[in-house]
Amino acid sequence: MADLLSNWSSTLEAVPPSHCIPVHERPSDPVEIVDSIPVIDLGKANGEERSVVVKELLKAFEEYGFFQIINHGVPVDLMDEAMKVYKEFFSLPAEEKAEYAKDAANDTNRGAATLYSSSAKHYDSEEHRYWRDVLEHSCNLDGEDKKTWPSNPPRYREVIGAYGDELRRVSKVILGLLSEGLGLEAGFFDKELGQRMLVNHYPACPDPSLTLGVGGHCDPNLITIIQQEVYGLQILKDDKWIGVQPIRNAFVVNSGLPITVVSNGKLTSVAHRVVTNTTHSRTSIGTFICPHDIVEPAKALVGPENPPQFKSFNWGIDFMPHYLSKKSVYHASLEPFKIDA
């Protein structure tokens, strides 16, 4: 069984050597928690102010790569219930979580529910481990993958199924607004897209200065929609880490590396990380919206004066194995797919 942090971290008085990250990666400098991250009111997207929302959203993608959304239409009681279900799952006895606890790096069934500690890059290796456990599974439209989801808590499949449907709807709204902002044809992102739930649980940590919940990285998918309650998320803005203060009942949205490719370099994926704290555990619900197959610069955004900056590639076959094997962070995962000037 995978050595899950949530099974034993409460007994620790110090961070074990296995989770003490290299000095250069430790969160040593004070980080300002800001309220300047853009906030987009999705409730205005269906009215006369839609064009304003489109401009605000595109500007947020361009300047931050992160923003928070309010008035998104997801019922608050469903958000609360989903968070409650996930917290209950991570609080289950070790033997009940054992069915899903696997070596993520060696798990070949990518659709099934997988529970692991640290990260797929660092798990079961000579390297350090981050201070988190992760529950990950697909959440696709046909619903067939529900059979592999946890059956405990008993309402898990019902609640997360409804939650996944709502987040799929929200993702379509965001991507629709983005396509308008980029000048792409209507329905550009209405292709079959994959959806994954990636839920991080960060137990309270005896010494947050020695470790991270997860290190700096860019996401490999199109967009990520995050529900969080406790502070911990930090983004890299102008080569400086800044903290994102959670807004009650809002979602955080960030762009992934494929958006950089689709926009032909106009938009970028922003590096982010998670810090821990000594008093509260933190659970974040991440909904990953993933390309179905081919990723390439949108044809409407390339031409004689704006040649393509990236090659066309298959996201699952070409990109993801490379992304998961890289030890470098930020934008290095796109290097092999760039077209030399």
Side-chain angles (χ1 to χ4, degrees), residues 35 37-61 64-87 137-143 145-146 149 155-182 184 186-200 219 221-230 233 244-256 259 267 283-291:
D35 56 10
I37 304 298
V39 178
I40 308 297
D41 187 346
L42 284 192
K44 298 178 179 179
N46 293 323
E48 296 178 356
E49 297 183 76
R50 183 177 179 87
S51 61
V52 175
V53 176
V54 168
K55 291 178 181 178
E56 290 177 345
L57 183 138
L58 186 64
K59 183 179 180 181
F61 269 117
Y64 280 87
F66 270 80
F67 52 91
Q68 302 203 55
I69 56 172
I70 59 174
N71 296 324
H72 39 68
V74 181
V76 172
D77 57 351
L78 180 59
M79 295 175 67
D80 291 343
E81 190 66 10
M83 183 63 74
K84 184 177 180 181
V85 163
Y86 280 122
K87 288 180 178 179
H137 62 69
S138 59
C139 187
N140 292 323
L141 189 61
D142 58 18
D145 44 21
K146 282 187 182 180
W149 295 3
R155 66 196 188 286
Y156 184 102
R157 297 178 184 180
E158 176 185 357
V159 171
I160 302 308
Y163 183 89
D165 290 345
E166 284 290 325
L167 271 291
R168 186 179 300 111
R169 176 189 59 77
V170 171
S171 73
K172 289 183 177 181
V173 173
I174 295 169
L175 290 173
L177 294 168
L178 178 59
S179 64
E180 286 185 43
L182 290 172
L184 305 178
F188 179 86
F189 289 106
D190 285 352
K191 307 161 189 173
E192 183 182 352
L193 299 175
Q195 181 173 339
R196 295 190 67 79
M197 305 304 298
L198 196 150
V199 184
N200 293 289
D219 287 347
N221 46 294
L222 285 169
I223 60 171
T224 305
I225 307 175
I226 305 165
Q227 179 181 338
Q228 59 173 355
E229 294 178 335
V230 177
L233 176 64
V244 179
Q245 182 66 53
I247 297 176
R248 173 68 178 159
N249 300 329
F251 289 101
V252 177
V253 180
N254 68 275
S255 55
I259 287 290
L267 308 180
T283 301
S284 67
I285 308 174
T287 302
F288 280 44
I289 304 300
C290 308

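The figures that follow rest on heavy atoms only: side chains count, while hydrogens, waters and symmetry mates do not.
Formation of a donor-acceptor pair under 3.5 Å by the Gln195 side chain with backbone atoms of Gly164 is found in this model. Under the 3.5 Å distance criterion, the side-chain polar atoms of Arg196 are left unmatched by any main-chain donor or acceptor of Cys290. For His72 (side chain) and Asn249 (main-chain N/O), a donor-acceptor pair under 3.5 Å exists by modelled atom type. The main-chain N or O of Gly43 is found under 3.5 Å from a side-chain atom of Asp41 such that the two form a donor-acceptor pair. Distance alone, capped at 3.5 Å, places no donor-acceptor pair between the Asn254 side chain and the Gly65 backbone.
Taking both residues in full, the closest heavy atoms of Pro291 and Leu193 are given as CA-CD2, 4.2 Å, listed atom of the first, atom of the second, then distance. Closest heavy-atom contact between Asn221 and Ile289: CB-O, 3.3 Å. The shortest heavy-atom contact between Ile160 and Met197 is CG2-CG, 4.5 Å.
Residues Phe251 and Val170 are not in side-chain contact: their nearest non-hydrogen atoms beyond the backbone lie 4.5 Å or more apart.
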> Run the side-chain contact (heavy atoms from CB on, under 4.5 Å) check on Arg168 and Asp165 step by step: do they pass?
Replying inline: CA-CA 5 Å; Arg168 186 179 300 111; Asp165 290 345; 3.1 Å; yes
> Glu56 and Val52: side-chain contact (heavy atoms from CB on, under 4.5 Å), yes or no, with the steps?
Replying inline: CA-CA 6 Å; Glu56 290 177 345; Val52 175; 3.7 Å; yes
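Among Val54, Leu184, Leu267, the single residue meeting the side-chain contact (heavy atoms from CB on, under 4.5 Å) criterion with Leu178 is Leu267.
A salt bridge does not link Lys87 to Asp80: none of the charged side-chain nitrogens sits closer than 4.0 Å to a carboxylate oxygen.
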